[in-house]
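Numbered from 1 within each chain, the chains take letters A, B, ... in sequence-line order.
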Amino acid sequence: MSSARRQYPFHLIEPKWQARWDHEQTFRAWNPGEDIPADHPFRKRHPAALPPKYYILDMFPYPSGAGLHVGHPEGYTATDILARYRRALGFNVLHPMGWDAFGLPAEQYAIKTGQHPRKTTEANIATFKRQIKSLGFSYDWSREVDTTDPNYFKWTQWIFLKIYNSWFNPATSKAEPIETLTYPPELRSDEEKRAYRDSKRLAFVSEAPVNWCPELGTVLANEEVIDGKSEVGGYPVIRKPMRQWMLRITAYAERLLNDLDSIDWSHSLKEMQRNWIGRSEGAEVIFRLADSEKSITVFTTRPDTLWGATYMVLSPEHKLVDEITTPEYRAEVEKYRAYAASKSDLERTELAKEKTGVFTGAYAINLANNERIPIWIADYVLISYGTGAIMAVPAHDTRDLEFAEKFSLTVIKVVEPPDGKDWRGFVDDGTSVNSSNPEISLNGLPTPEAKRKITAWLESKGLGKKTINYKLRDWLFSRQRYWGEPFPIVWKNGHHEALPESALPVLPPELQDYKPTASGEPPLARAKEWVNLPDGSTRETNTMPQWAGSCWYYLRFIDAQNPASLCDAKAERYWMGTGGSSATPGIDLYVGGTEHAVLHLLYSRFWHKVLYDLGYVSTPEPFFKLVNQGLILGEDNQKMSKSRGNVIPVDAPVKDFGTDALRLFEMFIGPLEMVKPWSTRGVEGVYRFLGRVWRLFVDEQSETELEQRLTTEQPGPELLDIIRLNPAIQDVTATPVQLKTLHACIRKVTEDLDGLRFNTAISALMVFVNEAMTWETRPRSVMRDFLILLQPFAPHLAEELFSRLYLKSELRLPYIPWPKFDPALLVEDMLVIAVQVNGKLRDTIVVPANPTQEEIEAAALKAEKAQPFLAGKIVKKIIVVPKRLVNIVVA
RNA sequence: GCCGGUGUGGCGAAAUGGCAGACGCACAGGACUUAAAAUCCUGGGGCCUUAAAAAGCCGUGUGGGUUCGAGUCCCACCACCGGCACCA
């Protein structure tokens with residue numbers, strides 16, 4: 001926009017109302033038992049008891065140095081509109097915002113410049129906060145949280161201690177305090193008991209391979225490694241075993257999966273979580289070796305194909321490989337194992353096209369038919385899934401077939417495809433064939449039945465059992481970083497020990513150099529005085545991953561300042577909907593991007609369930625309803641990115657068109673969940689609409705006067721006092737037509753907000769304005785209700801116009817009850833009905849409302865333009881759709 | 001490869017199985033203006049006719065089907081976007 005005339009003085013209006021909301025704390029949410037000031041607008045609306053709660057949450061941002069671009073406010077605008085709508089409906093709305101501020105960029109910047117990450121983080125938060133506040137969202141800022149604030153991460157560490165001091169009791173399928181653990185009788189010494197206890201904790205230590213980036217001198221999280229290279233800088237990443245903290249999320253796999261059925265998330269999001277958890281039902285089968293007493297256990301989902309197992313494969317890392325390899329194959333096996341170990345993840349995926357492997361020289365016995373089958377090792381079998389070994393059924397598994405063809409191994413058909421398809425490589429359900437021995441036969445059985453029968457047989461012989469496997473792995477929870485929560489853990493004589501709660505928060509030490517040490521130890525290890533404690537113990541030097549702080553922030557919002565607990569139990573029950581009312585269990589609506597579809601949402605659900613088991617929260621799930629907003633693309637239809645140069649920072653449109661226009665545009669371009677492109681033209685369009693709203697309400701002369709004063713005077717909110725109401729707005733009774741226009745709008749906006757259809761709600765507001773522009777007198781009552789509808793979308797303009805409408809009003813627009821539409825006002829006297837002949841539209845007729853069937857049929861048969869299509873034809877049937885159309889079927 | 005989503009005018013889009021294209025952008029014509037901007041009014045899927053219209057025909061990724069009637073439901077395919085990817 002260059003020289004275009006300003007549509008309305010948003011630059012005076014928006015700061016004015018933002019300052020007022022701040023000063024008045026208009027959007028404070030109130031906890032049970034809190035004193036509400038007598039003059040607060042919430043108190044005036046709800047003088048007695050607290051009304052039902054509505055907890056609506058945005059995924060809080062990582063405050064980067066670049067500031068907000070126009071993609072950020074999309075979800076925030078949607079939730080703000082709904083928060084304002086719910087307030088008008090009479091709910092106590094919790095709508096908070098905070099900062100997920102630990103993270104790698106601040107630390108990388110510190111390594112480069114020596115600037116403490118706290119400084120960078122504070123500056124970035126200040127920028128983000130200024131920008132978000134300029135958008136006029138109705139957040140309760142008194143509840144702002146910052147994950148890097150010791151008063152916040154004290155409780156992150158506290159939750160870690162709870163996890164550390166718990167175990168998962170398989171009998172109850174719940175986390176319980178570690179004290180309830182019972183020890184097997186053979187464990188006598190304290191040392192043995194400690195080892196057992198430590199092996200059962202929900203937080204445990206394990207030697208695990210990590211992503212080590214030599215170039216950056218640091219370890220990276222999986223999500224920071226893209227195609228085998230570091231996300232930052234694109235340097236190669238290798239696997240390196242290190243001592244790591246893990247969280248036992250796998251214990252919760254079944255509950256994380258099942259409880260998806262109890263929450264209102266999109267189908268695709270639930271599917272992503274289900275796939276990630278990857279439950280798969282099958283059987284473990286024990287194979288005896290041909291020439292020794294040893295045995296190999298495999299996991300298979302197709303025990304019914306046992307007769308087709310013509311060879312076995314161990315993963316190269318399998319611990320039996322050494323024991324079974326025969327001397328003449330040892331050299332080759334060793335060579336292959338070294339080769340497999342040297343492959344990076346990148347190479348593993350790249351080379352996946354071509355199967356590799358070597359024979360060990362050993363044989364196993366296929367227990368179904370007593371055949372000797374060769375045992376191979378190959379890297380297409382993963383050590384980390386199932387038992388790290390498989391029975392290969394090349395006839396009915398694509399990977400096994402590929403391998404068998406390459407190495408000329410036997411292929412035996414054991415499943416008959418249902419419809420004459422080729423059996424080779426057929427992997428779906430069919431009918432078992434060639435599957436019998438003197439004790440059992442599967443022949444003729446459909447696959448599901450064959451699975452049941454063979455599993456029962458294996459179980460009866462002690463050679464197998466029904467098993468469930470998950471793709472989900474335990475959560476690697478430690479990072480070799482500075483800018484994260486330190487663990488509340490010390491090491492003494494080679495054992496880890498929890499610090500007492502009284503030692504929290506554990507603050508990170510001050511450092512000059514944020515790089516890891518030369519030996520690859522985490523940066524915290526540089527702080528010798530911090531690490532070494534007087535009693536000879538040493539502190540854990542890893543820190544927690546960025547996910548830790550975001551796992552539970554929604555709970556802190558409930559009671560953000562509480563020094564005594566992570567949040568007050570009574571407040572938690574109220575806001576999470578278990579206070580005895582019929583409120584939604586958990587957060588009513590959570591809105592954020594799909595990039596968190598798996599990790600954040602899975603980790604968060606996991607922590608919540610642990611806290612639930614231990615009695616600290618009252619619902620099994622944190623987020624009842626969840627919606628993913630779609631990406632906003634650049635004007636070139638490409639994903640916004642610095643490298644493409646198509647990033648639009650929020651400040652530009654806010655300055656040119658105002659934040660109301662920005663908000664309105666982001667909601668108007670399309671459905672919330674869809675991907676949609678930015679368009680500056682489009683913002684101008686809704687900006688013009690807001691200009692029309694302004695002119696609908698204000699006196700033209702007074703506006704001209706304001707414009708003139710603006711050219712000579714310093715702009716300030718007091719200039720708005722020049723503005724007078726449009727003389728067309730009068731205290732008159734609304735006409736039936738005006739009421740119909742208003743109530744059609746109320747109905748559409750209300751229904752669309754309930755269905756999160758912001759774009760069509762806005763078009764309904766436009767339709768109203770287009771109509772109202774033509775009215776010579778505009779009844780004050782009608783215009784008032786329109787402003788209540790407009791307020792959630794364009795709150796600043798709505799507030800300003802409302803204050804013109806009621807100059808002396810004590811009422812505050814955000815708390816005025818939402819209007820109800822009256823269906824009686826929408827009833828039409830006459831209806832326009834479409835007339836079809838054989839399903840094609842030929843004419844329309846006007847009939848009185850509620851006509852009889854006969855009247856409609858008669859009128860339709862007389863419809864002028866339909867006559868040529870009826871002439872000389874026999875009417876076979878007439879279909880009447882009430883209030884819509886008539887279809888005359890002729891032969 | 002598997003899972004999920006999306007295909008409708010020049011563009012963003014709308015449509016409980018019932019008048020396809022609401023609303024907006026861009027565009028064109030007109031009013032106002034010395035002129036422009038802004039504003040207000042009007043028009044608008046394509047084809048075919050025509051001075052202009054009316055009428056007619058075609059039209060929601062492709063091909064089938066169900067139905068009095070399909071953008072919407074069913075079957076088979078194509079394209080694009082997102083996720084997972086040797087998970088036995």
Test side-chain hydrogen bond (donor to acceptor under 3.5 Å, both in side chains) applied to Lys465(A) - qualifying residues, sequence neighbours left out
none
Has Asn275(A) got a side-chain N or O lying under 4.0 Å from the OP1 or OP2 atom of rA85(B)?
no
Determine: side-chain N/O of Arg695(A) to OP1/OP2 of rC40(B), distance under 4.0 Å, yes or no.
yes
As a check on the pairing definition, encode RNA chain B in dot-bracket form, counting Watson-Crick and G-U wobble pairs whose two distances are under 3.5 Å, and using | for partners outside this strand.
(((((((..(((.....[....))).(((((.......))))).(((........)))..(((((..]....))))))))))))....
Among [options], find the nucleotide with the atom closest to the side chain of [X].
X         : options                   : result
Arg688(A) : rA88(B), rA26(B), rC19(B) : rA26(B)
Phe668(A) : rC23(B), rG69(B), rC86(B) : rC23(B)
Ser280(A) : rA88(B), rG4(B), rC58(B)  : rA88(B)
Ser763(A) : rA20(B), rC68(B), rA22(B) : rA22(B)
Arg884(A) : rA38(B), rC19(B), rC68(B) : rC19(B)
Arg842(A) : rA26(B), rG18(B), rG56(B) : rG56(B)

For side chain to side chain contact (heavy atoms under 4.5 Å, CB included), just list the numbers for Ile296(A) and Ile286(A), CA-CA rounded to whole Å, side-chain angles, deciding distance to a tenth of an Å, and then say yes or no.
CA-CA 6 Å; Ile296(A) 297 170; Ile286(A) 300 166; over 6 Å; no
Nearest-angstrom distance from the residue atom NZ of Lys639(A) to P of rC80(B):
18 Å
When rounded to whole Å, the CD1 to P distance for the pair Ile833(A) and rC19(B) reads 11 Å
Name the residue closer to the 5' end of RNA chain B, choosing between Ser268(A) and Thr301(A) according to the nucleotide with the nearest heavy atom.
Ser268(A)
Return whichever of Trp276(A) or Thr844(A) has its heavy-atom-nearest nucleotide of RNA chain B closer to the 5' end.
Thr844(A)
Six-ring centre of Trp694(A), Arg6(A) cation under 6.0 angstrom, axis tolerance 45°:
no
Check whether Phe403(A) forms a cation-pi arrangement with Lys355(A) (NZ or CZ under 6.0 Å from the six-membered ring centre, at most 45° off the ring normal).
no
NA contact type, Glu673(A), heavy-atom cut-off 4.0 Å: base, sugar-phosphate, or nothing?
nothing
When all nucleic acid strands are considered with a 4.0 Å heavy-atom cut-off, which category describes Asn759(A): base, sugar-phosphate, or nothing?
sugar-phosphate
Between the base of rC86(B) and the side chain of Lys355(A), is one N or O donor paired with an acceptor at under 3.5 angstrom?
yes
Could you check if the base of rG9(B) is syn or anti? Syn means the glycosidic torsion is within 90 degrees of 0.
syn
With distance as the sole criterion, is a donor-acceptor pair present between the side chains of Asp636(A) and Asn646(A) under 3.5 Å?
yes
Inter-nucleotide P distance (rA20(B), rU34(B)), Å rounded:
47 Å
By ring pair (Phe, Tyr, Trp, His ring centres under 6.0 Å), His318(A) pairs with (sequence neighbours left out) none
Any chance the rings of Phe758(A) and Phe668(A) have centres within less than 6.0 Å?
no
